[in-house]
Protein chains: 2
Amino acid sequence: MASRNADTSNGAPHLDSVSLAIIEQLQEDGRRPYAAIGKAVGLSEAAVRQRVQKLLDQGVMQIVAVTDPLTVGFRRQAMVGVHVEGDVEAVAEAIAAMDEAEYVVMTAGSFDLIVEIVCEDDDHMLEVINRRIRAVPGVRSTESFVYLKLKKQTYMWGTR
Amino acid sequence: MASRNADTSNGAPHLDSVSLAIIEQLQEDGRRPYAAIGKAVGLSEAAVRQRVQKLLDQGVMQIVAVTDPLTVGFRRQAMVGVHVEGDVEAVAEAIAAMDEAEYVVMTAGSFDLIVEIVCEDDDHMLEVINRRIRAVPGVRSTESFVYLKLKKQTYMWGTR
DNA sequence: AGGATTTCTGCGAAATCCGCAGCGCGATGG
DNA sequence: CCATCGCGCTGCGGATTTCGCAGAAATCCT
């Protein structure tokens, strides 16, 4: 189980329209059979299987179950905006290494970094934000947005 | 294909530890066979299958392919913080109805709403933010954070 | 306790997954 | 020019998984 996380080192692995179509199929249903996908994109079952495996290995996509953490036992979730001085990438790396960080993005705007965190409870969240994120060298300040309710969560950008 | 989107109407469908364990398995690999999951959680193959189907039907989880849109052809992606006056839920509903909105959350903090959008290019993004989101009744102002680079994207909160 | 409902189990049949050998094709280089 | 190599696709069986169903077991409600 070497590389669990996505290959976030944007290698832009050149995706042709067929692979795009395969991804679209799997965005609708991650368990759709290879044969059905093949029929939809005009490829044999084995070819689809090989392409999917490669896309997974390359980290271009992952096939997973996604949930709303708030409905599955986690009490507190938040988006945290981070102001950084110095090497943003290094700070991003450090925060991404934390288990509680689900989502880490470098952005252009008043925040240098946006981080989504999942916590057990208020104490845990306080600990993560104040003791861990703010302790990372280069973090100047943070601003938190605690989640009240998830209204939408989709992955079907391809199907429109 | 009645309800494609998650049941975001927090019905808190009471999940026992076995369903939690099943979700964990599928967070690691959305295509893991039911028999393997059953062995891991102590249930028969058929029982796992029934539970998974129910979790999907209830909208508690979805099994899908997730990608980094920036590596799959979409040029621009952003997080948009929204200040709302009046009925926040209604505004959230309206924005969630837009195809470009991938993720909509009501939050406590300086923003009432946080929205993640995926766009084809700069023009498209400008159109979505200025003409569509800001046109929703109740939206007082917005602040945008354009994505530069996705550093981490995980769904394995359960495996720690 | 009695009955209704839900959940689990244990099949057999059908469909799917998986590995492998072979073929076609473009690029490389002698 | 042609041989070779790399790479992706196809077409197979065999192993595995999925699927539907009927009965047993557990749970809930009155």
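Order of the sequence lines sets the chain letters (A, B, ...), proteins ahead of strands, with each chain counted from 1.
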Salt bridge flag under 4.0 Å for residues [X] and [Y]:
X: A:Lys149; Y: B:Glu89; answer: yes
X: A:Asp68; Y: A:Lys151; answer: no
X: A:Arg132; Y: A:Glu127; answer: yes
X: B:Glu45; Y: B:Lys39; answer: no

Would you mind telling me which of D:dC12, D:dT10, C:dC8 lies closest to the side-chain atoms of A:Leu43? D:dT10
Rounded to whole angstroms, how far apart are [atom1] on [X] and [atom2] on [N]?
X: B:Glu45; N: C:dC17; atom1: CD; atom2: P; answer: 14 Å
X: B:Arg49; N: C:dT16; atom1: CZ; atom2: P; answer: 14 Å
X: B:Gln53; N: D:dC19; atom1: CD; atom2: P; answer: 8 Å

Does atom CZ (B:Arg75) have a neighbourhood of more than 12 heavy atoms from anything else shown, all under 6.0 Å?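 12 or below, so no.
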Hey, can you pull the residues of residues 30-42 of chain B with a non-hydrogen atom under 4.0 angstrom from DNA chain C?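 Under 4.0 Å from DNA chain C: B:Arg31.
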To the nearest 0.5 Å, atom CG of B:Asp122 lies from atom CZ of B:Arg76 at 4.0 Å
Protein-nucleotides 5-8 of chain D N/O pairs under 3.5 Å:
residue	atom	partner	partner atom	Å
D:dG8	OP1	A:Lys54	NZ	2.5
D:dG8	OP2	A:Lys54	NZ	3.4

Heavy atoms of A:Ala92 and A:Val104 approach each other most closely as O-CG1, 4.1 Å
Any idea how A:Phe145 and B:Phe111 line up, ring-wise: parallel (<30°), tilted (30 to 60°), or perpendicular (>60°)?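 It falls in the parallel class, under 30°.
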